[in-house]
Each structure stands twice: as C-alpha cells, then as structure tokens.
Engineer: 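For reference, the structure I am asking about is given below.
For reference, positions follow the sequence shown, starting with 1.
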Amino acid sequence: MSVGAKVPIRDSIATRILLVVLGLYLLIALAVALCQVWIDYEYQRSSIMHDLVGIERAFEEGLAVNLWVLEPEALQASVEGMLAIPTVLGVTIENPEGMTIAVGGTITSNAMTGNAGIHVNLSGLSEVEAAVHAEEIFNYEMFEHHFPISYDFEGESMPLGEATLYSSSFIIFQRMKVQWFMMAVTVAVTFITFFLALLWAFNKYLRRPLRNLT
C-alpha cells in the first residue's frame with residue numbers, strides 16, 4: 001500500500017466490529033469479577049462477625065468469673081486467649097463505670113492514659129501482622145463486637161462490665177488476596193483466548209462476506 005493510501009472500507013468495518021465485541025466482553029468480564037469480589041468481601045465480613053459472636057459465647061463465662069472474683073491475671077489470660085484466635089486483632093474490657101481494666105492486641109483502648117479513641121500496639125503480633133505498619137491498619141475497615149459481661153449470683157444477674165472485640169478488613173484481604181490474584185489472572189487469560197478465537201473467526205467466516213458487502 002502506498003503512503004497516504006486509504007485503509008479499505010472492509011478492513012475498517014472489521015476492525016470496528018472486532019473492537020466493539022472485545023470491549024463488550026471485557027466490560028462484562030470486569031463487571032462479573034467486581035461482583036464476585038464484592039460477594040467474597042461481604043461473605044468474609046459476615047464470617048468474621050459470626051466468629052466474633054462465637055468467641056463471645058466461648059469466653060463470656062470465664063470472663064464473668066474472673067471479674068467476679070477480681071483476678072486480674074486470669075482476666076488478662078482470657079484476653080490473651082481471645083487474641084490467639086486469628087480473627088481477633090484487639091480486646092478491651094471495661095467495668096460498669098466505663099473504666100478500661102484489661103486490654104490487648106493490635107487495637108487497644110487508650111482510656112487508661114486519659115486519651116480518647118484507640119491506638120495501635122504492635123507488640124506480640126504474628127509475622128504477618130507485624131509486617132503491617134501501625135498507620136496502615138487504620139486504612140482498613142474496622143469491625144467491633146460489643147457484649148455485656150454479667151455474673152449469675154443467687155439467681156440474680158449482676159452486670160460486671162463490657163467486652164469489645166476488634167477485627168479488621170485487613171484479615172479479609174490477607175485471606176482473599178491469593179484468590180483475587182487468581183481471578184485477575186483468569187480474566188486476563190480468558191480475554192487473550194477470546195481475542196485470538198474471535199480474530200480467527202473473523203478471518204475465517206466474516207472477511208469474505210465483508211469483502212462482498214464493500
């Protein structure tokens with residue numbers, strides 16, 4: 001083809017059809033992938049909240065006994081036991097007056113120092129958690145589960161305080177990052193495969209009809 005010559009109409013039509021079909025396929029594939037990511041995230045989030053409820057049921061009786069007999073060491077041991085569960089990043093326990101009497105984990109209360117809110121404590125973390133800088137943890141969505149602690153004394157329920165379990169979407173991303181990476185690879189591979197198959201189909205079945213049409 002000489003310099004400045006126009007592209008044949010049939011080639012222009014074929015290119016446009018090919019681009020439109022590929023664009024629609026890519027749009028649909030990305031929409032499906034994003035929906036799957038959202039569904040996976042919501043499922044994992046619901047699973048974490050369910051786990052926190054299960055942790056409450058497993059530890060509430062022991063916490064009540066430790067608070068009733070005022071055993072600080074046993075109470076702190078219960079906190080450490082909850083922190084051993086990967087879902088839990090932090091624990092705080094408050095008495096009925098709202099004073100924090102036990103803390104532990106990544107997300108801990110600042111109430112005992114007189115500062116409002118929560119801060120990050122990186123001591124005693126796993127290798128995965130320790131690799132995350134303190135400020136970065138706050139970039140993830142935080143989950144909190146509160147439950148009252150009470151002791152049944154002579155048929156009467158005695159309120160002893162409240163426990164709060166902290167978790168984070170950081171755990172979700174740690175759980176799902178391999179799956180999401182494989183999903184991205186799958187979308188890319190299927191797109192390339194679809195492109196090659198579509199190009200072959202155009203050359204075999206549509207090029208001659210387009211030539212006759214033009």
Engineer: Kindly indicate, with the supporting measurements, whether the criterion side-chain contact (heavy atoms from CB on, under 4.5 Å) is fulfilled by Phe181 and Val185.
Structural biologist: CA-CA 6 Å; Phe181 173 77; Val185 171; 3.8 Å; yes
Engineer: Can you give me the closest heavy-atom contact between Ala163 and Leu63, atom names plus distance?
Structural biologist: CB-CD1, 4.5 Å
Engineer: Between Ala64 and Ser150, which heavy-atom pair has the shortest distance, and what is it?
Structural biologist: CB-O, 3.2 Å
Engineer: Give a yes or no on this: more than 12 heavy atoms of other residues, nucleotides or ligands lie within 6.0 Å of atom OH of Tyr43.
Structural biologist: no
Engineer: Measuring only between side-chain heavy atoms, which start at C-beta, is Met176 closer than 4.5 Å to Tyr41?
Structural biologist: no
Engineer: Evaluate Tyr25 against Thr190 for side-chain contact (heavy atoms from CB on, under 4.5 Å), listing each step before the verdict.
Structural biologist: CA-CA 10 Å; Tyr25 173 81; Thr190 53; 3.3 Å; yes
Engineer: Leu52 and Ser167: which non-hydrogen atoms are nearest, and at how many Å?
Structural biologist: CD1-CB, 4.3 Å
Engineer: Out of curiosity, does Leu67 fall in the hydrophobic cluster containing Phe153 (side-chain heavy atoms, cut-off under 4.5 Å, transitive links)?
Structural biologist: yes
Engineer: Could you state the interatomic distance from CG (Leu19) to CG (Leu26), rounded to the nearest 0.5 Å?
Structural biologist: 12.0 Å
Engineer: Is it the case that the side chain of Thr186 and the backbone of Met182 share a donor-acceptor pair, with hydrogens and angles ignored and the cut-off at 3.5 Å?
Structural biologist: yes
Engineer: Mind checking whether Val69 and Val79 sit in one hydrophobic cluster, side chains of I, L, V, M, F, W, Y counted as touching below 4.5 Å?
Structural biologist: yes
Engineer: Check whether Ile39 and Leu30 end up in the same hydrophobic cluster, where Ile, Leu, Val, Met, Phe, Trp and Tyr are linked by side-chain heavy atoms less than 4.5 Å apart.
Structural biologist: no
Engineer: Under 3.5 Å, is there a donor-acceptor pair linking the side chains of Asp40 and Gln44?
Structural biologist: no
Engineer: Working to the nearest 0.5 angstrom, can you tell me the gap between Ser168 OG and Leu89 CG?
Structural biologist: 6.0 Å
Engineer: Roughly how far, to the nearest 0.5 Å, is CH2 of Trp68 from CG of Asp152?
Structural biologist: 10.0 Å
Engineer: In Å and rounded to the nearest 0.5 Å, what is the CE to CG distance from Met49 to Leu165?
Structural biologist: 9.0 Å
Engineer: Does Phe191 reach the side chain of Leu22, with side-chain heavy atoms less than 4.5 Å apart?
Structural biologist: yes
Engineer: Are Val37 and Ile28 connected into the same hydrophobic cluster when the rule is that any two of I, L, V, M, F, W, Y join if their side-chain heavy atoms are below 4.5 Å apart?
Structural biologist: no
Engineer: Is it possible for you to say whether Val21 and Leu27 belong to one hydrophobic cluster, with membership spreading through side-chain heavy-atom contacts below 4.5 Å?
Structural biologist: no
Engineer: Evaluate whether atom NE2 of His146 has more than 12 neighbouring non-hydrogen atoms of other residues, nucleotides or ligands under 6.0 angstrom away.
Structural biologist: yes
Engineer: List the atom of Ala33, the atom of Val187, and the distance in Å for their closest heavy-atom pair.
Structural biologist: CB-CG2, 4.2 Å
Engineer: In Å and rounded to the nearest 0.5 Å, what is the CZ to CD1 distance from Phe59 to Ile85?
Structural biologist: 4.5 Å
Engineer: Measure the CD-CD1 distance between Glu42 and Ile172 for me, rounded to the nearest 0.5 Å.
Structural biologist: 8.0 Å
Engineer: Sequence neighbours left out, what pairs pass side-chain hydrogen bond (donor to acceptor under 3.5 Å, both in side chains) with at least one residue falling in residues 55-66?
Structural biologist: Glu56-His145, Asn66-Ser78
